[in-house]
There are 2 protein chains.
Amino acid sequence: MGASYHQFCPVAKAMELLDERWTMLVIRELLSGSRHFNDLRRGLPRMSPSLLSKRLNHLARSGVLERRQEGREVVYELSPAGSELQAAIELLGAWGVRWIGELGDADLDPRVLMWDLHRNVDTATVPEGITVVRFDIVDAPPRLRRWWMVLTPTGVDVCDADPGHEVAATVNGSMRDLVSIWRGDRTWSSSLRRGAVTITGSTQLQHQVPIWFGPSRFATVPRPGDPDAALAS
Amino acid sequence: MGASYHQFCPVAKAMELLDERWTMLVIRELLSGSRHFNDLRRGLPRMSPSLLSKRLNHLARSGVLERRQEGREVVYELSPAGSELQAAIELLGAWGVRWIGELGDADLDPRVLMWDLHRNVDTATVPEGITVVRFDIVDAPPRLRRWWMVLTPTGVDVCDADPGHEVAATVNGSMRDLVSIWRGDRTWSSSLRRGAVTITGSTQLQHQVPIWFGPSRFATVPRPGDPDAALAS
DNA sequence: CAGTATCCCTTATGATACTG
DNA sequence: CAGTATCATAAGGGATACTG
């Protein structure tokens, strides 16, 4: 597990652990705030549960994270060592968004998008009561096409089935268009103007939805040929 | 080659390429100044040549490096994209030296040590003519025990056979002691004082050798429990 | 110097189903 | 919720020898 490079170089010793498949993504999920096994799974839908379990154990043995039993729940948390990987992972993500721009259709997983969007919402801006925003991903396979984001001031839930509450706003768009907004390759406003994405609902919500579901932290990374116009719309 | 994660996340897209075994070490070698196939091999002695070739091709196709034919030589050089990985790799190395301190015996490869030492020499401080420093790695296997560093103002060569010039100084020590100095876990002066390492030669050379063969760039990274005493001797 | 060509083999991984 | 169990396939990788 993580075959040795037989090198004393610190980069080699670090990579023995970190270059195992999925490992950096597990750490990314933990850095993003996931703490439970099934939360991690939602952010890593293509990773098999046994492999996730294996990676978590390995990372725990290696001192990168800690596994704690809290009542009947199990909680995973980064150790000080693991938390220190944040800067490196952010650099790698910034590098990725700059230099690996072309996404294949297979990269566009609606489950990942919804999971990312849901944890980016600033709940302090959510009104009292329950606000439901439906997403219609027009080109997703049938089972992954409709999503309901259930927003309350205390949290956001992602549902792939109708939770039964009134829908306050609906977002329509293709996976590629929505992902482009998330990654910062396009903005909400330019996409709305072009009609690539639409929002239905009250005027207020049409204004609020792009704020709640704003782009990822990597959106502001300047792109190679375009030093300071990354977010020009 | 670098199976897809099926994620649009920039970290995932970066790691699809970068978490393949050996890849980061190849880039590290290029960042350290190696430009030829056989130079890369010397820094990566446990990597098979076919795998190195495969990785170089993949990195070239991915735009991380450029392969150029210069006369009858082939030169590999990082592209702008590849060069931008420097900061990430340095963070990963710093993380490694902080959190992965325990080295197995198998990590202590004399070929890597000699190669690292040789390219760290500041040739501006080397006197005219030829200066040979011999290394005796007392616990290395017979074939990897004796090394000759041939220093001239224009470059440094590593030899695993007697080049025939007079030896001006000799360094004696175990792999573990020499690597500790290289990584910054110990200093030349403390190791000399303890007698773990010895240098024979003129007084001047006994002073000069620790300067020529100084520690790696990671030596100054502060260690976890020891915030600012990393290099206390 | 700069790689290719083989060749075997382990082991990593994906998919799926199932359990306390 | 939090995982384990099982299985078959693929392929990644190591070692070595050889070539223009």
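Note that the coordinates shown come from a computational prediction; the quantities given were computed from them, not determined experimentally. Order of the sequence lines sets the chain letters (A, B, ...), proteins ahead of strands, with each chain counted from 1.
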Atom pairs under 3.5 Å: protein N/O with N/O of nucleotides 15-20 of chain D:
from, atom 1, to, atom 2, distance (Å)
dA15(D), N6, S50(B), OG, 3.3

Just the rounded figure in Å: distance from C1' of dG3(D) to CE of M47(A). 13 Å

Taking everything shown except E166(A) itself, do over 12 heavy atoms lie less than 6.0 Å from its CD? no

Can you check the L52(B) CG to dG13(D) C1' distance for me, whole Å? 13 Å

May I ask you to establish whether R67(A) and F37(A) are in a cation-pi arrangement, using a distance under 6.0 Å from NZ or CZ to the six-membered ring centre and at most 45° from the ring axis? no

Testing R98(A), R223(A), R176(A) one by one against D185(A) for a salt bridge (charged side-chain N to carboxylate O under 4.0 Å, His left out), which residue passes? R223(A)

Let me know, please, whether R55(B) or S53(A) comes out on the 5' side of the other along DNA chain D by nearest nucleotide. S53(A)

Below 4.5 Å, heavy atoms only, C-beta onward: do L151(A) and I130(A) meet side chain to side chain? no

When rounded to whole Å, the CZ to P distance for the pair R42(B) and dG3(C) reads 17 Å

OP1 or OP2 of dG14(D) less than 4.0 angstrom from a side-chain nitrogen or oxygen of W22(B), does that happen here? yes

Does a side-chain N or O from K54(A) land closer than 4.0 Å to OP1 or OP2 of dA12(C), or not? yes

Which ranges of DNA chain C pair up as stems, where a stem means three or more consecutive Watson-Crick or G-U pairs with both distances under 3.5 Å? C:1-20 with D:1-20

From CG (D116(A)) to CZ (R111(A)), nearest 0.5 Å: 13.0 Å

Presence of R67(A) side-chain N/O under 4.0 Å of dG3(D) phosphate oxygens OP1/OP2: yes

Output yes when at least one side-chain N/O atom of Y5(A) is less than 4.0 Å from OP1 or OP2 of dG13(D), else no. no

Check the phosphate of dG12(D) against R21(A), side-chain N and O only, distance under 4.0 Å to OP1 or OP2. Yes or no? no

Taking all atoms of both residues into account, what is the closest heavy-atom pair of T23(A) and L18(A), and its distance? CB-O, 4.0 Å

Rounded off to whole Å, could you give me the CG-to-P distance for the N38(B) and dG3(C) pair? 9 Å

Residues R28(A) and C9(B): closest non-hydrogen pair is NH1-SG, 2.9 Å

Looking at residues at least two apart in the chain, or sitting in another chain, which of them share a ring-ring contact (aromatic ring centres under 6.0 Å, His included) with W147(B)? none

Expressed in angstrom and rounded to an integer, what is the separation of L40(B) atom CG from dG3(C) atom C1'? 12 Å

Euclidean distance, atom CG of residue L59(B) to atom P of dG3(C) [Å, nearest integer]: 14 Å

Taken to the nearest whole Å, CG/L51(A) to P/dT16(C) is 15 Å

Y5(B) six-ring centre to R21(A) NZ/CZ under 6.0 Å and within 45° of normal: yes

Could you state the OH-C1' distance from Y76(B) to dA2(C), rounded to the nearest angstrom? 7 Å

